[in-house]
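Each chain gets a letter, A, B and so on, in the order its sequence line appears, and its residues count up from 1.
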Amino acid sequence: MTENTTLTRAVTQDRINAYAAVSGDRNRIHIDADFAAATQFGGTIAHGMILFGYLSDALSRTYGAAWDESGRLRARFRSPARPGDQLSITVQERVRETRSDGTIEVRCGVECSKAGTAERLATGDATLTVTE
Amino acid sequence: MSQPRVSLDTVSAGQSFEAIPLDLSRDTVERFLETLEGRPAQNAEGVLLTPPSVVSSLSLGALLTRVALPDGCLHASQEVIMARPIPVGASALCEAAVSAVSSRGGLTFVTLDFTVRQADARDGDSGGDVLATGSGTVMFPAGGSGA
């Protein structure tokens, strides 16, 4: 059986500010509109770790506790997400392999893109162990 | 006494940082999950688990108490590997080190590796077990700040 999941998320400055507060990552590119306006981005951008969190959450919703217990996620941030962006986060299961101990290794591709476009903001791969 | 905070544009490969306690309390994990629109998972015994994304974010946050990011610093990539389940409320430490520093295209890339270990072992067998590992690569303009 293969699993596929798609989530949608909205990027807002409030969410970016909240992540900055809880994480301690107060890099001005994320939270200082005046500073960010003078950069090549022309405005604030979301923390890459917010996208990483969305990818992980999509995996958690797909595989439940198995993800939190045994997951491995590797992601590359390709393009920034900005306030106002609508995101589509997808998990696509690619491989299931039974190991000698009877557990099953699951490998997935994950992606965060701008909803309704082909623009990929973060891509990666994930691995976890399931028992069924 | 803890190490002084250093700027990321001054670190070199091999440099390590003092172990930093991680706050994996229920309140902290829930605040992260609320921000990320996530939800906690429970194992078969009903124990709430700390998601990999929260482990990564907390480790990065802990590192930021040791390392200052130059203005305009961007996150290039991130990895986390769960070695074992981490119950919400567990006591853990984050160890970190610079594994690579390189430059290309006018940008400096710094890779920081982290290891999360159990901190409150109650018997000699489980002391300091690795709970998770990972790494993050950030980039910033070579030679200083500015995005």
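For S70(A), the part lying near chain B is the backbone, with the side chain staying farther off; criterion is any non-hydrogen pair under 4.5 Å. For E37(B), the parts sitting under 4.5 Å from any heavy atom of chain A are the backbone and the side chain alike. Residue L55(A): no heavy atom, backbone or side chain, is found under 4.5 Å from chain B. The contact between T50(B) and chain A is made entirely by backbone atoms, counting heavy-atom distances below 4.5 Å. If you measure heavy-atom distances from L60(B) to chain A, the contacts under 4.5 Å come from the side chain alone. D57(A) touches chain B through its side chain: at least one heavy atom from C-beta onward sits under 4.5 Å away, while N, CA, C and O do not. Contacts of R61(A) with chain B are made by both backbone and side-chain atoms, with heavy-atom separations under 4.5 Å. Contacts between L64(B) and chain A at a heavy-atom distance below 4.5 Å involve the side chain alone, from C-beta outward.
Judged purely by atom type and a 3.5 angstrom limit, N27(A) has no side-chain atom pairing as donor or acceptor with the backbone of H30(A).
Ranking V54(B), L58(B), L74(B) against chain A, the residue ahead of the rest is L74(B), based on heavy-atom pairs under 4.5 Å. Looking only at heavy-atom pairs under 4.5 Å with chain A, the residue among P40(B), S57(B), G61(B) that has the most is S57(B). Your options are P51(B), A68(B), A76(B), and the one with the most heavy-atom pairs under 4.5 Å with chain A is A76(B). Between chain B and the residues A126(A), A75(A), A36(A), A21(A), the largest count of heavy-atom pairs under 4.5 Å involves A75(A). Ranked by heavy-atom pairs under 4.5 Å with chain B, the list A65(A), A58(A), S60(A) is led by A65(A). Looking only at heavy-atom pairs under 4.5 Å with chain A, the residue among E34(B), M82(B), Q42(B) that has the most is M82(B).
Electrostatic pairing of E18(B) and R66(B) counts as a salt bridge here, judged by a charged N lying under 4.0 Å from a carboxylate O. Using a 4.0 Å cut-off between charged nitrogen and carboxylate oxygen, D125(A) and R107(A) do not count as a salt-bridge pair. Between E105(A) and R96(A), none of the side-chain N atoms (NZ, or NE/NH1/NH2) sits under 4.0 Å from a carboxylate O, so this pair counts as no salt bridge.
A cation-pi contact, defined as under 6.0 Å to the ring centre and within 45° of the axis, links R28(A) to F35(A). Taking the ring centre of F109(B) as origin, the terminal cationic atom of R104(B) falls inside the region bounded by 6.0 Å and 45° from the ring axis.
Between S79(A) and the choices K114(A), R120(A), E119(A), the side-chain hydrogen bond (donor to acceptor under 3.5 Å, both in side chains) rule is met once, by E119(A).
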**Q.** Residue pair T137(B), T111(B): steps toward the side-chain hydrogen bond (donor to acceptor under 3.5 Å, both in side chains) verdict
**A.** CA-CA 4 Å; T137(B) 298; T111(B) 299; 2.7 Å; yes

Q. What do the steps show when you test S7(B) against D9(B) for side-chain hydrogen bond (donor to acceptor under 3.5 Å, both in side chains), and what is the final call?
A. CA-CA 5 Å; S7(B) 177; D9(B) 54 11; 2.5 Å; yes

